[in-house]
Structures are given as C-alpha cells and as structure tokens.
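Some notes on the structure that comes next.
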Amino acid sequence: MKQEDRARVLKAVSDVPGLKVACEGEGRNRRVVFTPDKAAPLPKRSILPADDDEDDLEG
C-alpha cells in the first residue's frame, strides 16, 4: 500500500469510536493495524471445528 493510501485510511478511520489504527513495520512490510479499544475474546461457540475434510466441498 502506498504512503498516500495509508494516510487516507488513517484519516478516514481516525474518527471511528472504539477503534485505534496505526501503521507499523518498514519498507514492503509496512502495514495498517486496526485494534479495538476494549479487546474481548470470541465466544467459544463461534470458533469453527478443526475439520479439514475437503470431501464436504464437492458438489
């Protein structure tokens, strides 16, 4: 992502309540990071089972 694009994202999201946004990294590894103000764990029921069978994808 170009520097101008990152700046646009930072400016657009800066007014969103409950969200922190920052850039980190260097060079090609530079990225935009979105972090909630109050981190909350996901409920256990929303975690998908670790079933790796690809047979279900046929159809």
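We number each residue from 1, following the sequence as shown.
- A salt bridge links Glu24 to Arg31: at least one charged side-chain nitrogen sits closer than 4.0 Å to a carboxylate oxygen.
- For the pair Arg6 and Arg30, the minimum side-chain heavy-atom distance is below 4.5 Å.
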Show every donor-acceptor pair shorter than 3.5 Å between a side-chain atom in residues 7-15 and any protein atom, with sequence neighbours excluded, or say none if there are none.
residue, atom, partner, partner atom, Å
Arg8, NH1, Asp5, OD1, 2.7
Ser14, OG, Lys11, O, 2.9

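- Residues Leu19 and Val33 do not share a hydrophobic cluster, defined by chaining ILVMFWY side chains whose heavy atoms lie under 4.5 Å apart.
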